[in-house]
Undergrad: 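My questions will all concern the structure given below.
In what follows, every heavy atom counts, from backbone to side chain, and hydrogens, waters and symmetry copies are set aside.
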Amino acid sequence: PDWLESIINGEGGIVTEDIYIEAVHLGNSFTAFVEQTVSDTGDQTIIAFLTGALSPHINFFVAAGDIAEATFLEAPVITDDTGAPVTIFNRHRVSTNEPTVIDTSTNPDTVGDATYFSEVTMGNVAGGTTLWSNIIGTEGHWSAGGGYFTQNEWVLAPNTAYAWVIESQTDNDNPCLIRLNWVEH
């Protein structure tokens, strides 16, 4: 048909853009990550934050060099004024938009950062509802327990604490990585 011929010839048609790409272009897409090597069974790598009034759309990637269990928690109890701040990056590098998530590692809490808990401070995050859990890592080879936007996206509740935890299941040195990517509207 004529309409298809015009599109093939570059004369028109519908142009679409993925909402995540649009969010990057608008400066509403953010990323944060933590990585550390833990040394014992039960040691944890944790990234956490408190959401503000918005409901971020988030996906995550988790990896470990050896056997570990990754867990995504809603409403854990996080001891205030513990952990360390994690820098959040706007994926549009010249945008001045700031994320609205809240870091609880300082008192008062800081808007625009996340919180990192190491194997030393991991006891300051406890409980909560397990929304997702999976065994990751396979005998020294990096393995992903996350997914793509369509497989692992969550719309978070406003004014709620969230934590992503990797717990080593081995006494071997175990490199762990948690990477969060989210959009705020």
Side-chain angles (χ1 to χ4, degrees), residues 30-52 56-91 98-148 151-154 156-157 159-182:
F30 303 95
T31 188
F33 69 94
V34 295
E35 57 184 334
Q36 77 166 342
T37 298
V38 297
S39 55
D40 294 312
T41 301
D43 284 350
Q44 298 177 340
T45 301
I46 304 170
I47 189 170
F49 59 65
L50 180 65
T51 56
H57 297 217
I58 195 164
N59 70 77
F60 54 91
F61 173 82
V62 290
D66 210 330
I67 298 295
E69 181 175 10
T71 307
F72 172 35
L73 300 170
E74 182 175 57
V77 175
I78 299 174
T79 304
D80 195 30
D81 210 18
T82 61
V86 173
T87 301
I88 296 172
F89 298 97
N90 187 316
R91 294 182 62 206
E98 296 286 332
T100 63
V101 299
I102 301 164
D103 167 22
T104 62
S105 71
T106 59
N107 194 357
D109 296 341
T110 305
V111 175
D113 286 331
T115 310
Y116 161 64
F117 296 89
S118 68
E119 58 187 325
V120 175
T121 59
M122 65 188 185
N124 294 309
V125 178
T129 300
T130 300
L131 298 177
W132 177 90
S133 183
N134 199 22
I135 299 296
I136 60 170
T138 55
E139 300 176 12
H141 303 287
W142 282 90
S143 176
Y148 297 100
Q151 295 175 334
N152 210 12
E153 180 182 354
W154 292 82
L156 305 183
N159 306 308
T160 304
Y162 289 92
W164 292 262
V165 180
I166 297 178
E167 183 174 316
S168 181
Q169 303 296 305
T170 179
D171 282 335
N172 298 330
D173 285 350
N174 197 353
C176 299
L177 168 71
I178 302 170
R179 184 177 62 227
L180 310 177
N181 292 302
W182 71 94

Undergrad: Nearest 0.5 angstrom please: Leu177 CG to Ile47 CD1, how far?
TA: 9.5 Å
Undergrad: Identify the two heavy atoms, one from Ala70 and one from Ile136, that lie closest to each other, and give their separation to 0.1 Å.
TA: CB-CD1, 4.1 Å
Undergrad: How close do Thr121 and Ser118 get, heavy atom to heavy atom, and via which atoms?
TA: OG1-N, 2.9 Å
Undergrad: Using every non-hydrogen atom in the two residues, find where Gly127 and Leu73 come nearest and quote the distance to one decimal.
TA: O-CD1, 3.6 Å
Undergrad: Taking atom types as modelled, find out whether Thr41 and Asp171 have a side-chain donor-acceptor pair closer than 3.5 angstrom.
TA: yes
Undergrad: Please answer whether the main-chain N or O of Asp81 pairs with a side-chain N or O of Asn107 as donor and acceptor at a distance below 3.5 Å.
TA: no
Undergrad: Check the pair Gln44 / Val38 against side chain to side chain contact (heavy atoms under 4.5 Å, CB included), numbers first and verdict last.
TA: CA-CA 7 Å; Gln44 298 177 340; Val38 297; over 6 Å; no
Undergrad: Kindly compute the distance separating CD (Glu98) from CG (Asp113), expressed to the nearest 0.5 Å.
TA: 9.0 Å
Undergrad: Taking the side chain as everything from C-beta on, heavy atoms only, tell me whether Val86 gets closer than 4.5 Å to Asp103.
TA: no
Undergrad: Between atom CD of Glu153 and atom CG of Asn181, what is the distance when rounded to the nearest 0.5 Å?
TA: 11.5 Å
Undergrad: Would you confirm whether Ser105, through its side chain, and Thr82, through its main-chain N or O, come within 3.5 Å as a donor-acceptor pair?
TA: no
Undergrad: Between atom CZ of Phe60 and atom CD1 of Ile58, what is the distance when rounded to the nearest 0.5 Å?
TA: 8.5 Å
Undergrad: Please check this pair: side chain of Thr106 against backbone of Pro108, looking for a donor-acceptor N/O pair closer than 3.5 Å.
TA: yes
Undergrad: Of the non-hydrogen atoms in Ser133 and Glu69, which two are nearest, and what is the gap between them?
TA: OG-OE2, 2.7 Å
Undergrad: Please tell me if the side chains of Arg179 and Thr31 come closer than 4.5 Å, counting only heavy atoms from C-beta onward.
TA: yes
Undergrad: Work out which heavy atom in Ala68 is nearest to a heavy atom in Ile166; give both atom names and the distance.
TA: CB-CG2, 3.6 Å
Undergrad: To the closest 0.5 Å, what do you measure between CH2 (Trp132) and CD (Glu74)?
TA: 15.5 Å
Undergrad: Under 3.5 Å, is there a donor-acceptor pair between the side chain of Thr115 and the main chain of Phe49?
TA: no
Undergrad: With a 4.5 Å limit on heavy-atom distance, are the side chains of Trp182 and Val101 in contact?
TA: yes
Undergrad: Quick check against the 3.5 Å criterion: does Thr71 have a side-chain atom that pairs as donor or acceptor with the backbone of Val165?
TA: no
Undergrad: Is any side-chain heavy atom of Phe30 closer than 4.5 Å to one of Asn90?
TA: yes
Undergrad: Determine whether a donor-acceptor pair (N or O, by modelled atom type, separation under 3.5 Å) exists between the side chain of Asn174 and the backbone of Gly65.
TA: yes
Undergrad: Side-chain contact test, heavy atoms from C-beta onward, threshold under 4.5 Å: evaluate it for Phe117 versus Ile78 and give yes or no.
TA: yes
Undergrad: The test is side-chain hydrogen bond (donor to acceptor under 3.5 Å, both in side chains); show your working for Thr104 and Asp80 and say whether it passes.
TA: CA-CA 6 Å; Thr104 62; Asp80 195 30; 5.0 Å; no
Undergrad: State whether the side chain of Thr51 and the backbone N or O of Ala157 hold a donor-acceptor pair below 3.5 Å, judged by distance alone.
TA: yes
Undergrad: May I ask you to decide if the ring planes of Phe72 and Trp154 are parallel, tilted or perpendicular, using 30° and 60° as cut-offs?
TA: perpendicular
Undergrad: How far apart are the closest heavy atoms of Leu156 and Trp164, and which atoms are they?
TA: CD1-CH2, 4.4 Å
Undergrad: Is the side chain of Gln169 donor-acceptor paired with the backbone N or O of Asp66 at a distance under 3.5 Å, no angle test?
TA: no
